[in-house]
Amino acid sequence: MRKLGPTLATLARYRRHWSTLLQSTAAKHAPATAPTHLTELTGFGSNPGSLRMFTYVPKSLGRSPALVVVLHGCTQSAASYDLGAGWSTLAERYGFVVLLPEQTTANNPKTCFNWFLPGDTARGRGEALSIRQMIEKTIGAHGIERSRVFITGLSAGGALTTAMLATYPEVFAAGAIIAGLPYGAAGNVQQAFESMFQGRHHSAKEWGDLVRRASSHRGSWPRVSVWHGDADATVKPINADALVQQWTNVHGIDATSVQDKVDGYPRKVWRRDGVDVVESYTITGMAHGTPLATNAHGGQAGPFMLEAGISSSYHIAKFFGLTGEARVSEPAREPVRTFMVPEEIDMIPDDRVEILGAKDDARTSGGASHTSPVDVMAIITKALTQAGLMKRPV
């Protein structure tokens, strides 16, 4: 109990910092009646994370097209992030499908994906499972080639991208994290704040072990692209270093990298057999957000969408091998299994399927409940909900 006061004081300080950062550049939500070129789909599964599903399908779609899953950041929507980052423009140009999951204010008042809640970032649970169900729905609807499924995201969406790569590595050929955090950086809100504003320190092996423990996967791992501004005060750049440590360790690559510059910005690459397995871009002088080159590759500058003279979306698509001018050839990947293990049975897009425990989330995980004269968890939960970093109680 003596630690409760300092803990709440720390959370309050972090909350004020977080709120100030969001308010200084907060995106205003588009009106509900605003036109959008995205299509919303329902009935994609049990949806335990209670997310919304949007897609963009280009006018010209080839046989066995690729799929890019795009996760927005806090205060953003699927449509606003797509407009800013220009993914649908690239989809039209190169002929791939875009899937854009969307957070709701009922889940998180700031529309952040709940990247730090174990009930939303574990395989077979919460928001992670909802996104997996959306992917399966999209694959079936558009004949997506299973070996060409990719994922990217900004900030909270970047952190959830890492969680998807860790918990469903067999699904993705590659992923890209923009201003995000490594998998396992936080299991509660205090750790989330500490990770964002200070960074958490583990060895490369410890970071890698967090990924290896997230699933029973023993095959090849997704390739990873990391993007971060070196002036980011919301998610400190130390998190980009931790992401590189995590994924080079998972891939079993040593610390030696090749360095070059792309559009004037430093890039490090870790290769195996001539293949770019992990890459890291440092956008010098850039704050928290997605770097854009609107004149060259489209998109629209705005809150957390930052004109930088380099298009992260274009270069990520190039890293994924979608632009017809990939920097290296794709590595050989093991065939993706098409059957479902028992824990994944509710990926079947049929709302009539009843799955026991599918609605569990972080509030009901973690073992036996604790009792005390003062309900410590209730106090902390209220603070976190007000901070926009925890789901509203239902």
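Note that these values count all heavy atoms, side chains included, but never hydrogens, waters or copies made by symmetry. Just so we're clear, the structure is a prediction, and the values are computed from it rather than from any experiment.
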Do [X] and [Y] have side chains that get closer than 4.5 Å, going by heavy atoms?
X: V269; Y: S257; answer: no
X: I151; Y: V171; answer: no
X: Q246; Y: T162; answer: yes
X: V224; Y: L243; answer: no
X: W247; Y: V277; answer: no
X: P118; Y: R125; answer: no
X: Y56; Y: E92; answer: yes
X: S130; Y: P101; answer: no

Legend entry - Derivation of the side-chain contact (heavy atoms from CB on, under 4.5 Å) call for F319 and F150: CA-CA 10 Å; F319 180 76; F150 308 92; over 6 Å; no

Inset, instruction - Looking only at non-hydrogen atoms, find the nearest pair between I310 and H315 and report the distance. - result: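 In terms of heavy atoms, the two residues are closest at CG1-CD2, 3.6 Å.
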
Legend entry - Residue pair I177 / G158: nearest heavy atoms and the distance that separates them: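 For I177 and G158, the tightest heavy-atom pair comes out as CG2-O, 3.5 Å.
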
Legend entry - Check: D230/T282 side-chain N/O donor and acceptor closer than 3.5 Å: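 No, no side-chain donor-acceptor pair sits under 3.5 Å.
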
Legend entry - H37 versus D82, side-chain donor and acceptor atoms under 3.5 Å: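 Present: a donor and an acceptor within the cut-off.
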
Polar side-chain atom of [X] near backbone of [Y] as donor-acceptor pair, under 3.5 Å:
X: T111; Y: T75; value: yes
X: R200; Y: A185; value: yes
X: Y168; Y: G124; value: yes
X: N107; Y: F113; value: no

If I take atom [atom1] from residue [X] and atom [atom2] from residue [Y], how far apart are they, to the nearest 0.5 angstrom?
X: M164; Y: Y183; atom1: CE; atom2: OH; value: 11.0 Å
X: S155; Y: L71; atom1: OG; atom2: CG; value: 11.5 Å
X: L83; Y: S88; atom1: CG; atom2: OG; value: 8.0 Å
X: R272; Y: D254; atom1: CZ; atom2: CG; value: 9.5 Å
X: L306; Y: L292; atom1: CG; atom2: CG; value: 7.0 Å
X: K318; Y: S313; atom1: NZ; atom2: OG; value: 14.5 Å

Legend entry - In one Ile/Leu/Val/Met/Phe/Trp/Tyr side-chain cluster, 4.5 Å: M286, V262: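 Linked, M286 and V262 end up in one cluster.
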
Legend entry - Intermediate values then yes/no, side-chain contact (heavy atoms from CB on, under 4.5 Å), D120 and W115: CA-CA 7 Å; D120 281 310; W115 62 272; over 6 Å; no

Inset, instruction - Apply side-chain contact (heavy atoms from CB on, under 4.5 Å) to N47 and M53, showing your working. - result: CA-CA 10 Å; N47 191 17; M53 174 184 179; over 6 Å; no

Legend entry - Name of the residue among E279, Q259, K261 meeting side-chain contact (heavy atoms from CB on, under 4.5 Å) with R267: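 Only match with R267 under side-chain contact (heavy atoms from CB on, under 4.5 Å): E279.
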
Inset, instruction - For ring-ring contact (aromatic ring centres under 6.0 Å, His included), just list the numbers for H297 and Y314, CA-CA rounded to whole Å, side-chain angles, deciding distance to a tenth of an Å, and then say yes or no. - result: CA-CA 7 Å; H297 298 290; Y314 168 74; 3.9 Å; yes

Legend entry - Sole residue of K205, R212, E206 in side chain to side chain donor-acceptor pair (under 3.5 Å) with N249: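 With N249 as partner, side chain to side chain donor-acceptor pair (under 3.5 Å) holds for just one option, R212.
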
Inset, instruction - Could you check whether the rings of F197 and F193 sit parallel, tilted or perpendicular, using 30° and 60° as the cut-offs? - result: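 If you compare the ring of F197 with that of F193, the planes turn out parallel.
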
Inset, instruction - Mind running side-chain contact (heavy atoms from CB on, under 4.5 Å) on L154 and W227 for me, showing each step along the way? - result: CA-CA 9 Å; L154 164 69; W227 293 72; over 6 Å; no

Inset, instruction - Report the residue from R123, R146, R218 that forms a salt bridge (Lys or Arg N to Asp or Glu O under 4.0 Å) with E170. - result: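 Single salt bridge (Lys or Arg N to Asp or Glu O under 4.0 Å) partner of E170 among R123, R146, R218: R123.
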
Inset, instruction - Evaluate side chain to side chain donor-acceptor pair (under 3.5 Å) for H72 paired with S80, printing each intermediate quantity in order. - result: CA-CA 8 Å; H72 63 79; S80 70; over 6 Å; no

